[in-house]
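Notes follow the structure.
Worth saying up front: this structure is predicted, and the values here are computed from it rather than measured.
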Amino acid sequence: MQKFKPGQRHNPLDPQAPNKFYAIPVYMGTMNLKELSDEVAEKSSLTRGDCYNVIQNFLSSMKKALEKGYIVKLDDLGSFRTTLNSSGVETAEELSSGNIKKARIRFSPGDELKGMLVNMKFAKKIG
């Protein structure tokens, strides 16, 4: 069950409006690659080292694919793709790599992860 707490925020579209309270997720910590490898190893015949190695090699392959311009689709998990933020120019001929301000990696969850959110339960953190 995901816990949440109240967080006060202002409306950026109406700075004069009074602040309101919104639900903010309470994170229980982080799960690193070794811990995730342990979780996967418990559910398979692989060792933690095997799982860690697979994940590291997967990450390396995914980075190469994204650098080449591929969208990396991971079935029900979702997909990763790069997006660009650039300054605008008057003509297509004027546009160059110098106009690119920032590149980002975007993740779009797949149906299985989206489905998890539909059935997710929430509880307000007390104290």
Kindly work out whether a path of hydrophobic side-chain contacts (I/L/V/M/F/W/Y, heavy atoms less than 4.5 Å apart) joins Leu66 to Phe58. yes

CZ (Arg48) and CD1 (Ile55) are apart, to the nearest 0.5 Å, by 11.0 Å

CG (Asp111) and CG (Asp75) are apart, to the nearest 0.5 Å, by 10.5 Å

Taking all atoms of both residues into account, what is the closest heavy-atom pair of Lys73 and Ser79, and its distance? CA-CB, 3.9 Å

Report the residues that fulfil salt bridge (Lys or Arg N to Asp or Glu O under 4.0 Å) with Arg81, sequence neighbours left out, ordered by chain and then residue number. none

So with a 6.0 Å cut-off around CD of Glu112, is the heavy-atom count from everything else above 12? no

Say whether Asn57 and Ser60, considering side chains only, have a donor N or O and an acceptor N or O under 3.5 Å apart. no

Spatial distance of atom NZ (Lys5) from atom NZ (Lys125) [nearest 0.5 Å]: 6.5 Å

Can you confirm whether Lys124 sits close enough to Phe4 that some side-chain heavy atom of one is under 4.5 Å from a side-chain heavy atom of the other? yes

Should we say atom CD of Glu90 is surrounded by more than 12 heavy atoms from elsewhere, each under 6.0 Å from it? no

Is it true that a side-chain atom of Asn53 and a backbone atom of Gly49 form a donor plus acceptor pair closer than 3.5 Å? no

Report the distance from atom CE of Met1 to atom CZ of Phe122, rounding to the nearest 0.5 Å. 10.0 Å

Are Leu77 and Ile105 linked, directly or through intermediate hydrophobic residues, by side-chain heavy-atom contacts shorter than 4.5 Å (ILVMFWY only)? yes

Going by salt bridge (charged side-chain N to carboxylate O under 4.0 Å, His left out), name the pairs with one or both residues in residues 56-72, residues two or more places apart or in two chains. none

Is any side-chain heavy atom of Ser87 less than 4.5 Å from a side-chain heavy atom of Lys101? yes

Which donor-acceptor pairs under 3.5 Å do side chains of residues 22-35 form with protein atoms, sequence neighbours excluded?
| unit_1 | atom_1 | unit_2 | atom_2 | d |
| --- | --- | --- | --- | --- |
| Asn32 | OD1 | Lys34 | N | 3.1 |
| Asn32 | OD1 | Glu35 | N | 2.8 |
| Glu35 | OE1 | Asn32 | N | 2.9 |

To the nearest 0.5 Å, how far apart are CZ in Arg104 and OG1 in Thr82? 12.5 Å

Please work out which of the three classes, parallel, tilted or perpendicular, describes the rings of Phe107 and Phe80, given edges at 30° and 60°. tilted

Does any part of the side chain of Val40, heavy atoms only, come nearer than 4.5 Å to the side chain of Leu46, both counted from C-beta? no

Over all heavy atoms of both residues, which pair between Leu95 and Val89 is shortest? Give the atoms and the distance, please. N-CG2, 3.7 Å

